[in-house]
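Both counts, for ligands and for their atoms, begin at 1 and track the order of listing. Positions are given from 1 along the sequence.
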Amino acid sequence: MKVLVTGGLGYIGSHTTVKLLEEGFDVVIIDNLSNSKIDVLDRIEQIAKKRPRFYNFDVQNKESLESVFVSEKPEAIIHFAGFKAVGESCQKPLMYYENNLLSTFALLDMMQKYPKCKNFVFSSSATVYGEPDSVPLTENSPIKQATSPYGQTKIMIEEILTDFSKVQKVNIAILRYFNPIGAHQSGLLGEDPNGLPNNLFPYINKVAVGALPKLNIFGNDYKTCDGTGVRDYIHVLDLAKGHVLALKKLEKDCGLFVCNLGTGKGTSVLELVKAYEKANNIKIPYEFAPRRAGDIDENFAGTEKAKKELGFVCDYTILDACRDGYNFQTQELKRMKDKK
Ligand code: NAD
Ligand code: UFG
């Protein structure tokens, strides 16, 4: 199957592309490098021993998009491209609505025009569940008022896809990711944001290699096992596998399919720090800081549906993710030094 991967040079997209190539899929990437580096393309090739075809443009650009549909004739799309920083989305809401919604519209428009492309996988997020009434969160848990424009784009796109699936003969998988962490074991792919990381795991990575002095733990008075926030951290390679399984499900003409991708286990910030220290035999200095606005006590995924309908179970543990994340960050630092 030929798969168009938008945002394929980004964190989750690059790992998924490797997995797709390893599984024999033909992959075409569109990425405008707004949050990724072109080196990732060579690294994907280095790992998978195959080079995906690559187009550098904004998915919103309908002319360029159509030319790719005409020349490549994709049968499926995995749509990762979008902006994802919660805090930035509150500062620049229009930029988020524009990029996340219009890129999706452009792709759906192409699916209407080229009906041979009838499978679509969308990167949604556990953020759509907001502050949970109870955990684990199942796909039937209520969708809550979004606490950021970023979260709102995910809710809106889920609704748009649901309406689209009612009128167009398409198969759509809405995958609600919990918290992806870790990196490829080769140390070639991972998440290395510019500037101060917004998310916990990349922040710990930077503290681990000495690029930042200490971790600030936002809040120690949550209603959780140790007072720090609890999330469901899933290895990015497990997440990548989930996409391949979702494509296989769509191939069976399943229509609209909504599914969580998580481990089913909650881990607190302190537990993650301890796991990172254990996996890598290092110390992570930290300090408690005030709560971050919009954060919730706890969430983790109900995994029954993923298991039953996709055959999805996680292969990796938190310790694996901590080891792979540190390996990537150490290698990345070395690569940057060698470049200078
Ligand atoms: P990322 O920023 O690493 O990857 C996104 C990629 O898309 C980048 O390479 C960027 O250059 C590209 N891109 C953005 N807008 C584009 C456009 N208009 N045209 C072409 N390319 C464009 O992010 P990620 O962590 O890999 O996330 C992928 C998707 O998963 C996003 O939609 C994100 O909202 C969603 N998601 C991520 C998380 C997470 O914690 N990482 C959690 C839930 C959902
Ligand atoms: N945290 C810290 N210090 C930091 C960063 C985070 O203590 O420097 C804490 C947070 O308070 C929270 C936990 O670590 O308790 C996880 O925070 P992240 O920012 O890593 O992740 P979130 O759960 O807030 O959100 C992430 C993505 C969203 C996505 C969501 C899915 O940022 O885009 O996971 O569950 F929607």
Review point. Is it true that the side chains of Y129 and R176 contain a donor and an acceptor less than 3.5 Å apart?
Key: yes

Review point. What do you reckon, does Y233 put a non-hydrogen atom under 4.0 Å from ligand 2?
Key: yes

Check your understanding: Among all protein non-hydrogen atoms, which one is nearest to atom 17 (O) of ligand 2, and what is the separation to 0.1 Å?
Key -> R292 NH2, 3.3 Å

Point to revise | Per-atom contacts, ligand 2 versus T127 - under 4.0 Å to a heavy atom | key: 36 (F)

**Study point:** Protein contact to atom 3 (N) of ligand 2 [nearest heavy atom, distance to 0.1 Å]
**Key:** N216 O, 2.8 Å

Check your understanding: Do NZ/NE/NH1/NH2 and the carboxylate oxygens of D338 and K334 come within less than 4.0 Å?
Key -> yes

**Study point:** Any Y150 heavy atom less than 4.0 Å from ligand 2
**Key:** yes

Review point. Nearest to atom 10 (C) of ligand 2, what protein heavy atom do you find, and at what distance?
Key: D295 OD2, 3.4 Å

Check your understanding: Nearest to atom 35 (O) of ligand 2, what protein heavy atom do you find, and at what distance?
Key -> N179 OD1, 2.9 Å

Practice item. Show which atoms of ligand 2 fall inside a sub-4.0 Å distance from at least one heavy-atom site of N198. Key: 5 (C), 19 (O)

Review point. Would you say the side-chain atoms of H184 and D324 include a donor-acceptor pair closer than 3.5 Å?
Key: no

Study note, to complete from the structure: Among non-hydrogen protein atoms, atom 4 (C) of ligand 2 lies closest to F218 CE1, 3.3 Å

**Study point:** Ligand-side contact atoms (ligand 2) for residue partner I217, heavy atom cut-off under 4.0 Å
**Key:** 7 (O)

**Study point:** ligand 2 contact on T228 by region, counting heavy-atom pairs under 4.0 Å
**Key:** neither

Review point. Using a threshold of 4.0 angstrom between heavy atoms of the protein and any atom of ligand 1, which residues qualify?
Key: G7, L9, G10, Y11, I12, D31, N32, L33, S34, N35, S36, F57, D58, V59, F80, A81, G82, K84, N99, S123, S124, S125, Y150, K154, Y177, P180

Revision key, fill the gap. Going by the 4.0 angstrom heavy-atom rule, the piece of V230 near ligand 2 is neither

**Study point:** Atoms in ligand 2 with a heavy atom of G229 nearer than 4.0 Å
**Key:** 15 (O)

Practice item. Report yes or no: does D232 contribute a side-chain atom to a donor-acceptor pair with the main-chain N or O of G264 at less than 3.5 Å? Key: yes

**Study point:** N-O pairing of E332 and K339 below 4.0 Å
**Key:** no

Review point. Any side-chain donor-acceptor pair under 3.5 Å between Y96 and Q152?
Key: no

Review point. Do we see a donor-acceptor contact under 3.5 Å between the side chains of N198 and Y203?
Key: no

Check your understanding: Have S36 and D31 got a donor and an acceptor in their side chains that come within less than 3.5 Å?
Key -> yes

**Study point:** Y222 six-ring face occupied by R291 cation (under 6.0 Å, within 45°)
**Key:** yes

**Study point:** Heavy-atom donor-acceptor pair, D238 side chain to D315 backbone, under 3.5 Å
**Key:** yes

Study note, to complete from the structure: the protein heavy atom lying closest to atom 23 (O) of ligand 2 turns out to be R231 NE, 2.8 Å

Review point. How about K283 and E277: do any of their side-chain heavy atoms sit closer than 4.5 Å?
Key: yes

Review point. What is the closest protein heavy atom to atom 18 (P) of ligand 2, and at what distance does it sit?
Key: N199 ND2, 3.5 Å

Check your understanding: For atom 29 (C) of ligand 2, what's the nearest protein heavy atom and its distance?
Key -> S125 OG, 3.3 Å

Review point. Any idea which part of L200 is under 4.0 Å from ligand 2, heavy-atom wise: side chain, backbone, both or neither?
Key: both

Point to revise | Side chains of T127 and Y150, donor plus acceptor under 3.5 Å | key: no

Exercise for review: Any chance you could lay out the side-chain hydrogen bond (donor to acceptor under 3.5 Å, both in side chains) test for N140 and T138, step after step, and finish with the verdict?
Suggested key: CA-CA 5 Å; N140 293 326; T138 75; 4.7 Å; no

Check your understanding: Just checking, K241 and F312: is the charged tip under 6.0 Å from the six-membered ring centre and within 45° of the axis?
Key -> yes

